[in-house]
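Because the structure is predicted, anything quoted here is derived from the model rather than measured.
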Amino acid sequence: MAEIGHTLVRVLERLGIDGVQEQVYEHVLTHPGRSAAELAQDLPGASLDALVSKRLLRVEDGKYSAVPPAVALQGLLDARQLELDQVATRVQELERLHRATPYPVRQSPVEVVPGDQAHAYLLAIHRATRSEVRAFETPPYVKRISPEDAQVSADAIQHGVVHRIVYSRAAVDEQGLDTLLVTLSVGEQARVTGDVPLRLAIYDNQVATLPMVTGTRTSEGLLVVRPSSLLDALIALFERVWTAALPLALGSEEPGEDGDHTLIALLSAGMTDQAIARQLGISLRTVGRRIQRVQSSLHAETRFQAGVAVGLARSAG
């Protein structure tokens, strides 16, 4: 097969077509109407009969041609997709059974996940969520959060999973506008408060995750809480903090622009001048000047009054 290429194509292996067969099919597809002898010169050792039996090639009057991909391959692809759909349906049935089955009396509803398995565990739970994610966001994080890290949540939101997140001011400052806007721009419902009790995520009212020790990274150990009075208490805690927190509605202006939408959001969140300057990419002097302009427009004598006025307006809205 050296005449065709040194690297075998293996894209279609999951459809039962190995790399050699895929190359033979592609060659005949682009060189139709040749006899077995002619093809043997280009494809020494190739089994044309195997591809004929798989209905990838047809032979008429001793001449070989490829069955069009839309016919030959789409049928195989549709069959494989049907198999995957059946598997997905079965997984959902088993998950419903799992959720409907009460835990044995002696089995603890709290599972401890080692730190080195925590990231994969969290990702799996998040991807299995179908209705809603509720979370407290606060440092410390395992690593610096980037916009790419927020894409999993953004994808889930776009597929209909509601996200209600309460950020501590430290989380807003550490994650930054670029990361926050990835999810806020597609419909995340976000609120902010000075601090949150702990790092927490609740998925579909069925499971909650939190660091094994408050204030530590999940890489140091993760607690997974299943349906129980403890899970009920965590849900109630989230709802109480959510009710008291202020909406976080960040604008779309780029750092350095003269719009005040994002500044007002950060101001109402109680962010410091230094944090606002860092997020907007402007100087402290510019922050002060723009805050004075906002105070004037709100008829507020102090930035505290301006923040309260904006916060109350957002809460009412």
**Q** Are any of the side-chain nitrogens in Arg278 or Asp173 under 4.0 Å away from the carboxylate oxygens of its partner?
**A** yes
**Q** Looking at Ser168 and Gly194, what are the two nearest heavy atoms and their distance?
**A** CB-O, 4.1 Å
**Q** Would you call Val207 and Asp204 a side-chain contact if the rule is heavy atoms closer than 4.5 Å?
**A** no
**Q** Do the non-hydrogen side-chain atoms of Glu83 and Val87 ever get within less than 4.5 Å of each other?
**A** no
**Q** Should Glu132 and Val161 count as side-chain neighbours, where that means a heavy-atom distance under 4.5 Å?
**A** no
**Q** Can the positive tip of Arg191 be found less than 6.0 Å from the middle of the six-membered ring of Trp242, inside 45° of the ring normal?
**A** yes
**Q** If hydrophobic clusters are built by linking Ile, Leu, Val, Met, Phe, Trp and Tyr wherever their side-chain heavy atoms come under 4.5 Å apart, do Ile145 and Leu248 end up in the same one?
**A**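 Not linked; separate clusters.
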**Q** Find out if a path of hydrophobic residues (ILVMFWY) with successive side-chain heavy-atom gaps under 4.5 Å connects Val59 to Val28.
**A**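 They do share one cluster, since a chain of ILVMFWY contacts under 4.5 Å joins Val59 to Val28.
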**Q** With sequence neighbours left out, what residues match Glu174 under side chain to side chain donor-acceptor pair (under 3.5 Å)?
**A**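 Scan of Glu174 (side chain to side chain donor-acceptor pair (under 3.5 Å), adjacent residues dropped) gives none.
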**Q** Using a 4.5 Å cut-off on heavy atoms from C-beta on, say whether the side chain of Val172 contacts that of Glu137.
**A**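 No. Closest side-chain heavy atoms not under 4.5 Å.
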**Q** Flag the pair Gln151 / Val182 as yes when at least one side-chain heavy-atom distance between them is below 4.5 Å, and no otherwise.
**A**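 Side chain of Gln151 against side chain of Val182, heavy atoms only: contact under 4.5 Å found.
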**Q** I want to check something: taking the side chain as every heavy atom from C-beta on, are Arg164 and Phe238 in contact at a cut-off of under 4.5 Å?
**A**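 The answer is yes, as the side chains (C-beta and beyond) meet within the 4.5 Å cut-off.
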**Q** How close do His27 and Leu39 get, heavy atom to heavy atom, and via which atoms?
**A** CD2-CD2, 4.1 Å
**Q** Can you name the closest pair of heavy atoms from Phe136 and Leu237 and give their distance?
**A** CZ-O, 3.9 Å
**Q** Distance from Leu122 atom CG to Gln117 atom CD, nearest 0.5 Å?
**A** 11.5 Å
**Q** Can you tell me how far apart CD (Glu148) and CG (Asp178) are? Round to the nearest 0.5 Å.
**A**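 One finds 9.5 Å between CD of Glu148 and CG of Asp178.
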**Q** Assess whether atom NE2 of His126 is packed by more than 12 heavy atoms of other residues, nucleotides or ligands within 6.0 Å.
**A** yes
**Q** Could you check Ile235 against Arg134 for side-chain contact (heavy atoms from CB on, under 4.5 Å), going step by step and ending with a plain yes or no?
**A** CA-CA 9 Å; Ile235 292 172; Arg134 289 173 285 184; 3.6 Å; yes
**Q** Check the pair His163, Val133 against side-chain contact (heavy atoms from CB on, under 4.5 Å), reporting the backbone distance first and the verdict last.
**A** CA-CA 5 Å; His163 279 54; Val133 175; 3.8 Å; yes
**Q** Going by atom types only, do Ser146 and Asp149 share a side-chain donor-acceptor pair under 3.5 Å?
**A**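 Indeed, the side chains of Ser146 and Asp149 share at least one donor-acceptor pair under 3.5 Å.
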**Q** So which heavy atom on Glu188 is nearest to which on Ile157, and how close?
**A** CB-CD1, 3.8 Å
**Q** Where the side chain of Ser53 meets the backbone of Ala50, is there a donor-acceptor pair that is under 3.5 Å apart?
**A** yes
**Q** Using a 4.5 Å cut-off on heavy atoms from C-beta on, say whether the side chain of Glu111 contacts that of Tyr121.
**A** yes
**Q** Using the rule that two of Ile, Leu, Val, Met, Phe, Trp, Tyr join whenever any of their side-chain heavy atoms come within less than 4.5 Å, decide whether Val112 and Leu123 are in one cluster.
**A** no
**Q** Once rounded to the nearest 0.5 Å, what's the spacing between atom CG of Leu51 and atom CG of Leu56?
**A**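 Rounded to the nearest 0.5 Å, the CG-CG separation comes to 5.5 Å.
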**Q** Would Val152 and Val186 show up in the same hydrophobic cluster when neighbours are defined by side-chain heavy atoms closer than 4.5 Å?
**A**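 Cluster IDs for Val152 and Val186 differ.
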**Q** I'd like to know whether Lys54 forms a side-chain contact (heavy atoms from CB on, under 4.5 Å) with Gln21, so could you lay out the CA-CA distance, the side-chain angles of the two residues, the decisive distance to 0.1 Å, and finally the verdict.
**A** CA-CA 10 Å; Lys54 290 186 175 183; Gln21 292 173 335; 3.0 Å; yes
**Q** Could you tabulate the donor-acceptor pairs under 3.5 Å formed by side-chain atoms of residues 212-225, not counting sequence neighbours?
**A**
residue: Thr216; atom: OG1; partner: Val213; partner atom: O; Å: 2.5
residue: Arg217; atom: NE; partner: Tyr141; partner atom: O; Å: 2.8

**Q** Side chains of Pro69 and Tyr25: does their closest heavy-atom pair fall under 4.5 Å?
**A**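 Sidechains of Tyr25 and Pro69: in contact.
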**Q** Do you know which two heavy atoms are closest between Leu200 and Ala208, and how far apart they sit?
**A**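 Minimum heavy-atom contact is CD1-CB, 4.1 Å.
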**Q** Any idea which heavy atoms bring Pro109 and Pro227 closest together, and the distance?
**A**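 Nearest pair, atom of Pro109 first, then Pro227: CB-O, 4.2 Å.
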**Q** Determine, step by step, whether Leu210 and Leu234 satisfy the side-chain contact (heavy atoms from CB on, under 4.5 Å) criterion, reporting the C-alpha distance in whole Å, the side-chain angles of both residues, the deciding distance to 0.1 Å, and the verdict.
**A** CA-CA 10 Å; Leu210 56 156; Leu234 292 173; 4.2 Å; yes
**Q** Output yes when a side-chain donor or acceptor of Thr286 lies under 3.5 Å from a complementary backbone atom of Ile282, and no otherwise.
**A** no
**Q** Per the side chain to side chain contact (heavy atoms under 4.5 Å, CB included) rule, which among Val196, Thr193, Thr138, Leu180 passes with Tyr167?
**A** Leu180
**Q** Going by the rule side chain to side chain donor-acceptor pair (under 3.5 Å), which residues pair with Asp78 if we only count those two or more places apart in sequence or in a different chain?
**A**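 Per chain and number, Asp78 pairs via side chain to side chain donor-acceptor pair (under 3.5 Å) with Gln74.
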**Q** Can you tell me how far apart CD1 (Ile276) and CG (Leu284) are? Round to the nearest 0.5 Å.
**A**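 Between Ile276 CD1 and Leu284 CG, I get 10.0 Å after rounding to 0.5 Å.
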**Q** Looking at CG of Leu184 and OG of Ser153, how far apart are the two atoms once the value is rounded to the nearest 0.5 Å?
**A** 11.0 Å
**Q** Give a yes or no on whether a salt bridge exists between Lys63 and Glu60, defined as a side-chain N under 4.0 angstrom from a carboxylate O.
**A** no
**Q** Nearest 0.5 Å, please: how far is CG in Leu43 from OH in Tyr64?
**A**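 Answer rounded to 0.5 Å: 11.5 Å.
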**Q** Going only through I, L, V, M, F, W and Y residues with side-chain contacts under 4.5 Å, is there a path from Leu231 to Leu198?
**A**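 As far as the 4.5 Å side-chain criterion goes, Leu198 and Leu231 are connected within one cluster.
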